Every structure is written in structure tokens, then in C-alpha cells.
There are 2 protein chains.
Amino acid sequence: MKHTKLWYLKKFNLLETFSAEEMISLKDVLIDNVVKKKQPIYLAGDPDENLYFLKEGRVKISRIDESGKEFTIILLEPGEIFGELGLFDDSPRETAAIALEDSIICMMKRRDFEKYAINKPELSFKLNKLMGLRLRQIESRIEELLFRDVPSRLARLLLRLFEQHPRETTNGTRINIKLSQQEIANLVGATREMTSMVLNSFKRSGLIRIESKYIYLIDRKELEKIAR
Amino acid sequence: MKHTKLWYLKKFNLLETFSAEEMISLKDVLIDNVVKKKQPIYLAGDPDENLYFLKEGRVKISRIDESGKEFTIILLEPGEIFGELGLFDDSPRETAAIALEDSIICMMKRRDFEKYAINKPELSFKLNKLMGLRLRQIESRIEELLFRDVPSRLARLLLRLFEQHPRETTNGTRINIKLSQQEIANLVGATREMTSMVLNSFKRSGLIRIESKYIYLIDRKELEKIAR
DNA sequence: CTACTTTTGTAATCCATTTTACAGAATTTC
DNA sequence: GAAATTCTGTAAAATGGATTACAAAAGTAG
């Protein structure tokens with residue numbers, strides 16, 4: 001965790017790459033879209049034609065196996081780009097993107113993006129960097145899955161979420177997404193039951209507090225100890 | 001496994017992107033290097049300055065945790081590019097690249113590559129595509145780790161290796177890399193002991209045959225069944 | 001060819017996590 | 001605001017795989 005805080009989030013708002021005029025010309029290819037909570041933006045198996053920008057709300061990217069088991073690869077916050085980033089690949093998607101809250105998604109045909117990218121090496125570079133980052137993130141997740149137990153993984157997840165989706169309130173810092181235990185379980189790669197147990201043990205030890213599905217940070221030090 | 005055989009391997013030989021003249025001018029920035037079996041090309045923590053092309057031999061890319069446990073992310077064959085592909089990122093490496101055989105590596109400063117990429121959107125595109133592919137591959141590995149048991153994972157690994165590193169001999173198809181059980185274990189995310197047991201059960205059931213560390217395919221159908 | 005090192009086979013024990021199975025709480029819907 | 005649904009807490013039983021612990025085999029070096 002070299003790049004703390006919002007480093008990776010803020011750095012990669014790809015739309016920033018475009019100038020004011022370009023943004024105007026982009027309007028024709030960009031289409032805004034409202035997606036209701038729990039609705040999919042795309043599912044595994046869909047053809048892979050668009051790129052998306054999350055303007056408002058929260059979206060999760062998940063892999064779901066035949067039996068319905070789900071693993072959530074990443075939670076996105078506004079400003080982030082998604083939609084299998086390996087450009088110009090016509091194979092169907094292997095992930096699903098699902099809105100966790102009512103969200104506004106802005107979408108663009110891959111081909112159109114490609115046109116812009118040709119004249120804007122900067123754009124390709126940014127995308128490259130972003131993908132490199134995602135690659136690393138996901139490699140870390142594998143390492144966690146293999147070498148850490150559930151309490152450690154959960155502590156790590158919470159710390160990550162406190163960094164990536166923080167919200168300072170009068171009652172302390174909280175993760176600014178309402179997550180069910182099932183969603184959390186999908187993020188750490190454990191069962192809902194196990195997640196419940198560990199989460200409650202964290203509560204009892206005074207590491208966190210949960211109020212109407214918002215998780216508040218109480219004792220970062222101790223959480224970090226468990227994260228190892 | 002949509003893209004069978006050598007699809008992803010052959011498609012992405014980045015050096016192909018360059019014309020004959022360019023290759024000549026590239027000679028100044030490309031440096032050949034011989035690496036002995038078991039020697040690292042780079043280790044986690046190293047500054048991240050070069051890109052590499054594997055010309056001859058085999059290289060594995062691994063994550064190794066503090067206690068020395070290793071997980072091998074990918075095995076590379078000649079023609080493949082490696083070295084954290086998120087260009088222009090100066091953070092230190094998180095993976096290690098280690099030669100599995102005596103290998104010839106061709107290396108290039110990131111900055112130099114960058115210079116070429118600016119005038120060659122095609123190059124960035126290819127790299128993008130490659131990274132997208134690696135991203136997917138690694139996401140599949142996560143899914144496997146979470147949802148499949150060791151026999152299934154091992155069967156899948158073998159099938160993958162028979163596709164990616166095949167060698168037809170008079171005694172049948174074999175995986176053309178000598179892998180110890182430990183290496184295999186690192187690839188499936190299991191212990192050496194477990195890997196030994198399962199590998200032997202595969203032998204006993206007549207799915208594979210092992211001769212001086214080369215694994216030969218006998219019964220693909222049955223292997224696929226176990227892979228589920 | 002012999003000694004040394006690395007790799008392999010196997011099996012008993014242990015343990016973290018899943019599975020199964022409910023009951024109670026909280027939310028959403030009508 | 002009652003009924004239906006979806007979430008949460010907990011705990012006993014089952015289990016897949018890690019750990020531990022050696023001995024045997026294979027490979028390598030002197």
C-alpha cells in the first residue's frame with residue numbers, strides 16, 4: 001500500500017485528458033444512463049462493446065460462477081472508468097458490473113474511444129497505467145487469498161475501504177457505502193456466516209462500530225495489527 | 001478458455017510491431033542478456049525501470065510473501081513481454097521474475113519504449129490488449145482459487161500447460177517445461193505435499209504420465225472432467 | 001563411484017473455514 | 001402498519017487441505 005489515500009482514484013479520471021472543445025465533441029458519443037440499485041450494467045457473457053465512466057453512485061465488478069457464487073473484484077467510486085479495459089477485444093465479458101446504489105453511468109462505444117486514443121497517446125498511456133494498477137491490485141488480492149486468514153483479509157478490506165471510500169462524519173470516519181454482510185463476504189472471499197462472526201468479533205473488541213450498514217472506524221491501530 | 005492454443009502467445013509479440021528499419025534503430029536500446037536457470041531477472045522491491053522480452057527459455061513471474069511462500073502468477077514462453085506492464089510507473093516491483101531454464105532476455109528502458117510508443121499508437125494498443133488479457137487471466141485464477149478444489153485446479157493447470165507449452169514427441173504430447181512439484185504447487189496455490197498426492201492419483205488413474213519431470217498427456221477427456 | 005543435496009511419497013494429526021440449520025432482527029412492499 | 005422478504009447471529013458438525021514428520025528416490029558434484 002504505497003500509494004495512500006486517493007492517489008489512484010483521482011489520478012485516473014480519464015475524461016480529464018480531454019480539452020474543453022474535445023469534451024463538446026465528445027458529447028455526441030457519450031451517453032448518460034441511470035441505473036437503479038442492484039441493477040446490472042452488464043453481465044458475464046454480454047458482448048464487450050462499451051466503456052463506462054461512473055459519474056455518480058457505486059458499482060461493483062464481480063465474477064459469478066455457474067452455481068451463483070460471487071467474488072467481487074473491485075468497488076468503483078465516481079470518476080472511475082470500467083468495462084474490461086483490454087480495448088478492442090471482441091470476446092464476451094467475463095465479469096458483471098452491478099450498481100450498489102442508484103448510479104449515473106456515462107457510456108461510450110469502444111470504437112469511438114479508440115478513435116480518440118489514436119490521436120492522443122496520452123490517453124493510451126493513462127489507460128495503460130490504470131490497467132497496470134488494477135493488475136497489481138488484483139495480484140495482491142490473490143496473495144491475500146492464499147496467504148492470509150479471514151480475519152486478516154477482512155481487516156485489510158476494511159482498511160482499504162476506509163481509504164478509498166471515506167466519509168468524515170461527526171460520529172467519526174465511516175466507509176461511505178452501505179454494504180451487506182454478503183457483499184463484504186464476496187469481497188474477502190469467505191462465506192456470509194464467517195464474515196458475520198469475524199465482523200462481530202471486531203465490534204466486540206472495539207475496532208469498529210456499525211450503524212445502519214455504515215461501518216465506522218474506531219481503532220485503526222488494532223485493525224492494522226490484525227491485518228498484519 | 002475461449003482462445004485456445006497459442007492465440008494469446010503469438011498475437012502479442014510486440015516486437016513484430018516494428019518495421020525492419022525500426023528494428024535496426026532499436027538495436028541501440030535493446031540489450032541481450034543471458035540468465036542462468038534459477039536466477040532472478042528482478043525481485044520484488046527492485047526499482048522498476050525496464051521492460052523485458054523473453055527470447056529463449058522459460059521465466060516465471062511470482063509473488064513471494066515475507067515468510068517465503070510463493071505463488072506463481074504466470075509462466076512465460078519465448079516471444080512474451082514482461083516487467084510490470086503499467087508503463088511509466090516508478091513504484092517498485094511487487095513481483096519477482098525468475099528463470100526456470102537458462103534463458104535469453106532482451107531488455108529495454110521503459111523510457112525508450114515510451115518514446116517509441118508516442119509515435120506508435122499501435123504499440124500502446126497492443127500493450128493495452130495484452131494487459132487486458134493478463135487481467136482476465138488473473139481474474140480467472142482468483143475464481144479458481146475460491147471456487148475449485150486442488151484436484152480441479154491442478155487438472156486445469158495441466159490442461160492450460162498442455163495448450164501453452166506443448167511439445168509433440170513420439171511418446172505423446174508433453175508439457176515442454178521441467179517443473180518440480182514445488183513449482184506446480186506454486187502454480188495451483190497448494191502445498192507441495194497435496195500436489196504430490198493429487199499428481200500421483202492422476203498417474204494411477206491413467207490421466208498422465210511423468211518421465212524425468214516432463215508430464216505427458218494420456219487422457220484429456222478425464223482430465224477435463226476433473227477440471228469440471 | 002560415493003557423498004551430498006534436492007526432490008518425492010505417504011500418512012497421521014490438526015485446524016480454519018464451510019456447511020447446515022434455524023431463529024430473530026431489520027427492511028421493504030403493498 | 002401488517003405481511004413478506006431480505007438480512008443477521010450463532011453454533012454444531014463435517015471437511016479439505018495444511019502441518020508435521022520421515023524415509024526413499026533421484027539428481028548433482030567432487
Side-chain angles (χ1 to χ4, degrees), chain A residues 36-39 65 67-72 98 100-102 143-157 177-205 208-215 226-228, chain B residues 36-39 65 67-72 98 100-102 142-157 177-205 208-215 226 228:
Chain A
K36 282 269 165 205
K37 185 173 171 175
K38 293 192 182 178
Q39 290 305 302
D65 85 342
S67 72
K69 282 184 206 152
E70 178 176 343
F71 177 72
T72 301
I98 298 168
L100 288 174
E101 310 170 352
D102 294 354
E143 205 181 298
E144 281 180 14
L145 241 27
L146 275 174
F147 303 141
R148 313 259 162 211
D149 61 11
V150 174
S152 167
R153 261 144 56 201
L154 186 48
R156 281 164 176 246
L157 173 73
I177 318 174
K178 286 194 177 199
L179 292 169
S180 71
Q181 290 188 350
Q182 186 60 67
E183 299 286 1
I184 296 171
N186 294 157
L187 277 158
V188 295
T191 54
R192 210 268 309 147
E193 293 81 348
M194 188 69 195
T195 304
S196 178
M197 305 280 329
V198 178
L199 224 38
N200 285 319
S201 89
F202 285 1
K203 277 200 271 188
R204 271 180 234 115
S205 324
I208 56 169
R209 180 167 41 91
I210 302 184
E211 270 165 38
S212 61
K213 289 208 180 146
Y214 283 119
I215 302 177
I226 291 168
R228 269 262 268 95
Chain B
K36 281 269 166 205
K37 185 174 173 176
K38 291 194 184 178
Q39 290 305 301
D65 86 343
S67 72
K69 280 183 207 155
E70 177 176 345
F71 178 72
T72 301
I98 298 168
L100 287 175
E101 311 170 352
D102 295 353
I142 288 205
E143 205 181 296
E144 281 179 14
L145 241 26
L146 276 173
F147 305 140
R148 313 256 163 213
D149 60 12
V150 174
S152 167
R153 261 143 58 200
L154 186 49
R156 281 165 176 245
L157 173 74
I177 318 173
K178 286 193 177 200
L179 293 169
S180 70
Q181 289 188 352
Q182 187 60 67
E183 300 285 3
I184 296 171
N186 293 160
L187 277 158
V188 295
T191 54
R192 206 236 73 223
E193 292 83 347
M194 188 67 197
T195 304
S196 179
M197 305 280 330
V198 178
L199 224 39
N200 285 320
S201 89
F202 285 1
K203 276 200 271 188
R204 271 181 235 114
S205 323
I208 56 169
R209 178 168 42 94
I210 302 183
E211 269 166 40
S212 63
K213 289 208 179 146
Y214 284 118
I215 303 177
I226 290 167
R228 271 260 270 97

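Bear in mind the structure is a predicted one, so any value in this text is a computation, not a measurement. For the numbers below, each heavy atom of this structure counts, side chains included, while hydrogens, waters and symmetry mates do not.
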Within this structure, what is the [atom1]-to-[atom2] distance between [X] and [N], rounded to whole angstrom?
| X | N | atom1 | atom2 | result |
| --- | --- | --- | --- | --- |
| B:Arg192 | D:dT20 | CZ | C1' | 12 Å |
| A:Met197 | C:dT18 | CE | C1' | 13 Å |
| B:Glu211 | D:dG27 | CD | C1' | 17 Å |
| A:Ile210 | D:dT8 | CD1 | C1' | 10 Å |
| B:Lys38 | D:dT28 | NZ | P | 9 Å |
| B:Leu145 | D:dG16 | CG | P | 17 Å |
| B:Asp149 | C:dT18 | CG | C1' | 13 Å |
| A:Arg153 | C:dA16 | CZ | P | 13 Å |

* Residue B:Glu193, side-chain heavy atoms: nucleotide from C:dT17, D:dT8, D:dA21 that is nearest ->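 Shortest atom-to-atom distance from the side chain points to D:dA21.
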* To do: Compare the minimum distances between each of D:dA18, D:dT10, C:dT7 and the side chain of B:Ala190, then state the nucleotide with the smallest one.
  =>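 Between D:dA18, D:dT10, C:dT7, the one nearest the side chain of B:Ala190 would be D:dA18.
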Reckon [X] has a side-chain N or O less than 4.0 Å from the OP1 or OP2 of [N]?
| X | N | result |
| --- | --- | --- |
| B:Gln181 | C:dG9 | yes |
| B:Thr191 | D:dA18 | yes |
| A:Lys203 | D:dG9 | yes |
| B:Asn200 | C:dT8 | no |
| A:Arg204 | D:dT10 | yes |
| A:Ser196 | D:dG9 | yes |

* For A:Ser212 and for A:Val150, locate the closest nucleotide of DNA chain C by heavy-atom distance; then report the residue assigned to the nucleotide nearer the 5' terminus. =>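 With A:Ser212 and A:Val150 compared, the 5'-side residue is A:Val150.
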* **Residues B:Asp102, B:Lys36: salt bridge by 4.0 Å N-O rule** => yes
* Is the shortest heavy-atom distance from the side chain of A:Arg204 to the side chain of A:Ser201 under 4.5 Å? -> yes
* Check: B:Leu100 and B:Lys37 side chains under 4.5 Å, non-hydrogen atoms -> no
* **Under 3.5 Å side-chain donor-acceptor pair for A:Arg192 and A:Gln182** =>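 No.
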* Scan A:Met194 against the nucleic acid and name what it touches under 4.0 Å (heavy atoms): base, sugar-phosphate only, or nothing. =>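 If one applies the 4.0 Å heavy-atom cut-off, A:Met194 turns out to touch a base.
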* To do: Using a 4.0 Å heavy-atom cut-off across all strands, classify A:Lys178 as base, sugar-phosphate, or nothing.
  =>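 Since no nucleic acid heavy atom lies under 4.0 Å of A:Lys178, the category is nothing.
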* Asked: Nearest nucleotide by nearest heavy atom, which residue falls closer to the 5' end of DNA chain D, B:Lys37 or B:Gly189?
  ->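 Its nucleotide being nearer the 5' end, the pick is B:Gly189.
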* Asked: For the atom pair NZ (A:Lys213) and CD (A:Gln181), what is the distance rounded to the nearest 0.5 Å?
  ->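 Nearest 0.5 Å value for the NZ-CD distance: 9.0 Å.
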